[in-house]
There are 4 protein chains.
Amino acid sequence: MAHNDPQCKPLTRAQQQRRSDIVRAALKVFDRDGFEGARIEDVAREAEIAKGTVYLYFPNKQALLEGVVHEVISPEVDEVERTALDPQLSPGERLRRQIKIIGARLGSGDMKIILRLMMGEGPKNEELRKFYYHEVVERGMAAISQCLADGVRTGEFVKSADKIEPQVFAGTPLLAAVWGILFDDLAPLDVNKLLESHCEQLLTGLERR
Amino acid sequence: MAHNDPQCKPLTRAQQQRRSDIVRAALKVFDRDGFEGARIEDVAREAEIAKGTVYLYFPNKQALLEGVVHEVISPEVDEVERTALDPQLSPGERLRRQIKIIGARLGSGDMKIILRLMMGEGPKNEELRKFYYHEVVERGMAAISQCLADGVRTGEFVKSADKIEPQVFAGTPLLAAVWGILFDDLAPLDVNKLLESHCEQLLTGLERR
Amino acid sequence: MAHNDPQCKPLTRAQQQRRSDIVRAALKVFDRDGFEGARIEDVAREAEIAKGTVYLYFPNKQALLEGVVHEVISPEVDEVERTALDPQLSPGERLRRQIKIIGARLGSGDMKIILRLMMGEGPKNEELRKFYYHEVVERGMAAISQCLADGVRTGEFVKSADKIEPQVFAGTPLLAAVWGILFDDLAPLDVNKLLESHCEQLLTGLERR
Amino acid sequence: MAHNDPQCKPLTRAQQQRRSDIVRAALKVFDRDGFEGARIEDVAREAEIAKGTVYLYFPNKQALLEGVVHEVISPEVDEVERTALDPQLSPGERLRRQIKIIGARLGSGDMKIILRLMMGEGPKNEELRKFYYHEVVERGMAAISQCLADGVRTGEFVKSADKIEPQVFAGTPLLAAVWGILFDDLAPLDVNKLLESHCEQLLTGLERR
DNA sequence: GATGAATGAGGGTTCATTCAT
DNA sequence: GATGAATGAACCCTCATTCAT
């Protein structure tokens with residue numbers, strides 16, 4: 001059958017649904033047990049199908065991981081871009097939103113799991129790394145850079161603002177996500193307040209007057 | 001024999017050396033294959049000893065992981081604190097140094113591996129999480145907070161500076177480290193320049209005048 | 001799958017057959033190598049299945065042992081009771097038969113292997129001990145005691161006969177079994193003759209006139 | 001060094017002591033864990049020596065087992081024969097004593113352990129089987145037969161008494177020993193009473209008038 | 001002789017993957 | 001297509017045995 005192979009016949013709607021069920025199940029199990037620790041049988045049970053059925057949709061465990069990463073990321077990034085690019089807002093406001101959304105997305109739910117999977121499996125899987133880089137990082141960085149450039153153009157930001165590496169803005173959202181993965185039980189973090197504070201500090205130095 | 005058990009007789013110098021060799025070997029193999037993917041046999045081969053010998057020093061693979069984390073972290077943190085706490089420097093200068101060192105340490109060599117291991121195994125291993133939190137995160141955060149408080153006291157920083165969450169300062173160093181793990185082959189990052197820029201942005205909003 | 005777990009779905013006929021094949025194979029290998037010396041791989045080869053398949057039917061080696069003991073014992077005991085309880089026979093005759101059958105069963109084939117396994121693993125495994133005691137020993141002792149009581153009631157035996165410990169009657173059959181395990185190549189024993197003689201001696205003192 | 005090899009120099013007194021210590025330690029550990037389950041290291045610890053030292057006295061684990069069996073059996077058998085062969089007693093009395101002593105010896109302490117070891121390892125080790133047969137079984141059977149023959153000669157027993165297989169007399173003592181190994185916690189057995197009863201039954205049919 | 005660190009073959013168990021039904 | 005029993009490679013860990021000190 002399918003295997004997400006472009007050669008193959010496109011999936012019927014029901015098959016797409018099933019594929020998606022498997023991905024959701026896998027995401028849950030990967031979150032609980034990590035990628036290596038996850039058993040295909042558990043994924044199948046979680047998806048309420050037989051173990052063999054997983055292999056009708058993904059040729060092997062690696063491909064399942066890739067499927068999970070792809071399927072989770074696309075809608076997330078779309079939403080980030082859609083939400084953040086409101087042309088009615090000033091560049092500064094857009095930048096604040098951007099950062100908040102990146103923080104909220106990275107740190108909550110599915111993307112946090114993906115982040116963890118990336119850290120574990122990325123180094124062994126170039127396709128994963130590339131995909132994540134181009135779909136998430138590059139687009140996120142570009143969106144931030146765009147805000148900076150816009151701000152300079154409108155005069156809201158100081159001239160040098162578009163020289164700033166966008167990574168400076170993304171660091172705290174990433175930290176919040178990592179904190180959520182590792183330390184939330186030891187020292188819960190008020191992510192919103194942190195991101196607010198982060199924006200405040202950075203924008204203070206950016207805005208003219 | 002030993003097992004790093006405080007109950008046991010202290011290790012001889014030769015034994016400490018061997019234990020350390022095993023830890024170095026494990027670090028290398030964990031880096032290459034991840035924790036779950038690492039085979040004890042490979043660790044042994046890397047350390048140029050027999051498989052069984054590993055078990056003379058660590059009761060199981062988990063303990064080896066913990067040994068690695070402990071042994072790597074302690075000297076790193078010591079060095080960070082030692083380097084950063086030069087009392088001759090102004091609080092602002094100390095803060096810059098702090099961030100640079102955190103970035104350099106997190107992002108280079110052993111601590112990067114530890115970070116990756118933490119992301120993979122931390123969620124399954126509370127002891128690991130706690131250790132890392134108390135030894136690395138808490139101390140790092142405290143050092144940053146200290147700089148902020150000192151700066152306020154000396155009048156170098158604005159009054160509100162000590163209200164800022166130290167995590168704001170640590171985000172970019174963390175991002176640099178994660179970038180180094182995942183994307184350096186796709187888009188190399190000039191970490192020093194990034195951290196410089198990061199300091200610039202943050203301190204601009206912090207310093208009076 | 002199954003694991004003989006009462007929680008699980010009942011096994012299909014084919015699965016029962018396979019489970020039984022594994023038990024037979026294990027019995028053979030346990031007999032040849034002892035329990036600890038037996039390798040699961042050998043059991044699998046003997047059953048003409050893959051090593052992993054054994055674990056579809058038994059969660060571990062201990063459980064396989066217990067499975068073997070249970071599966072072998074039940075039909076044996078049933079047969080002993082069935083054969084021995086012919087109500088047409090006099091108590092004395094029933095007692096003779098009983099002893100002969102115990103001797104024959106204990107000493108031949110599967111029960112001899114079980115006896116040997118019990119001696120080796122029983123001390124470490126209470127469930128095994130309990131099972132063997134209740135299924136084999138207790139029922140065997142009860143059957144003998146019943147004969148004695150019946151004989152007293154019918155007047156065939158002297159009054160005091162039902163005070164005799166049934167173990168007195170079971171000793172020689174046990175000895176015959178142990179002898180068969182250990183010394184048959186050194187000094188073959190005519191079990192039938194021995195049991196005959198044993199009955200003769202004991203019944204002489206029991207029967208009135 | 002020695003290895004109990006007749007080729008080697010005879011052991012010094014201190015060495016004999018140490019060898020004996022190891023045997024006692026091994027007996028204890030074999031009892032607790034069975035032969036296969038016993039670890040040489042535990043034997044060494046029990047004997048309060050280093051693991052390697054065991055190998056100075058026994059070439060391997062099998063030899064240690066043989067050493068244990070040999071060392072335990074000899075004095076036991078000697079004592080049985082010595083105690084039982086009191087020429088002052090009548091053959092009937094000697095037979096009673098014999099049975100009681102066999103029961104007491106087999107069932108208590110070291111010989112019970114040996115019995116269990118024999119059941120487990122005997123089938124794999126002909127030397128062990130032969131040794132036990134010749135040293136224990138054969139001598140025990142001979143002693144019983146001797147009593148029977150003597151009793152016939154003195155007229156105490158019926159003529160046919162020396163046709164009876166001595167195994168008939170040894171069964172109950174063996175059963176008592178096996179019971180002690182397996183079922184004493186489930187249903188304690190009054191061994192003395194049982195053996196008394198056993199003698200009663202058998203001798204009643206043996207003695208003239 | 002005594003020690004105990006080192007060795008490495010061996011075996012129980014897991015689980016990704018296959019394939020007959 | 002869906003199933004889940006079967007497969008067997010892989011890997012952690014144990015422990016009898018060796019040998020340098």
Let me know the distance between [atom1] of [X] and [atom2] of [N], rounded to the nearest Å.
X: A:Phe35; N: E:dC15; atom1: CZ; atom2: P; result: 13 Å
X: A:Glu48; N: F:dA2; atom1: CD; atom2: P; result: 15 Å
X: B:Leu56; N: F:dT17; atom1: CG; atom2: C1'; result: 14 Å
X: C:Asp42; N: E:dG10; atom1: CG; atom2: P; result: 13 Å
X: D:Glu41; N: E:dG4; atom1: CD; atom2: C1'; result: 9 Å
X: D:Glu36; N: F:dT14; atom1: CD; atom2: C1'; result: 13 Å
X: B:Lys61; N: F:dT14; atom1: NZ; atom2: P; result: 15 Å
X: D:Phe58; N: F:dT18; atom1: CZ; atom2: C1'; result: 18 Å

Classify [X] by what it touches in the nucleic acid, base, sugar-phosphate, or nothing, heavy-atom distance under 4.0 Å.
X: D:Lys51; result: base
X: C:Ala44; result: nothing
X: B:Ala38; result: sugar-phosphate

Any Lys/Arg nitrogen of [X] or [Y] sitting under 4.0 Å from an Asp/Glu carboxylate oxygen of the other?
X: A:Asp33; Y: A:Arg39; answer: no
X: B:Asp31; Y: B:Lys28; answer: no
X: B:Glu46; Y: B:Arg24; answer: no

Among [options], the nucleotide that comes nearest once only the side chain of [X] is considered:
X: C:Ala50; options: E:dT17, E:dA2, F:dT7; result: F:dT7
X: D:Tyr57; options: F:dC12, E:dA2, E:dG8; result: E:dA2
X: B:Ile49; options: E:dT7, E:dT17, E:dA5; result: E:dT7
X: B:Arg39; options: F:dC11, F:dC13, F:dG8; result: F:dC11
X: A:Tyr55; options: E:dT17, E:dA6, F:dG1; result: E:dT17

Convert the base pairs of DNA chain F into dot-bracket notation, remembering that pairs crossing earlier ones are written with [ ] and that bases paired across to another strand are shown as |; include only Watson-Crick or G-U pairs under 3.5 Å. .||||||||||||||||||||
Here's a test of your reading of the structure: between C:Ile40 and A:Gly37, which maps to the more 5' nucleotide of DNA chain E? C:Ile40
Any donor and acceptor pair, going by atom type alone, linking the side chain of B:Lys61 with main-chain N or O of B:Ala38 inside 3.5 Å? yes
Okay, side chain of C:Arg116, backbone of D:Gly120: is any donor-acceptor separation there less than 3.5 Å? yes
Nearest 0.5 Å please: distance from the CZ atom of D:Phe131 over to the OG atom of D:Ser74. 4.5 Å
Can you tell which of C:Arg19, C:Arg18, C:Gln17 makes a side-chain hydrogen bond (donor to acceptor under 3.5 Å, both in side chains) with C:Asp21? C:Gln17
Does the side chain of D:Arg18 get closer than 4.0 angstrom to OP1 or OP2 of E:dG1 through an N or O atom? no
Non-neighbouring partners of B:Glu121 that pass side-chain contact (heavy atoms from CB on, under 4.5 Å), sequence neighbours left out: B:Phe35, B:Glu36, B:Gln62, B:Leu65, B:Lys124, B:Leu128
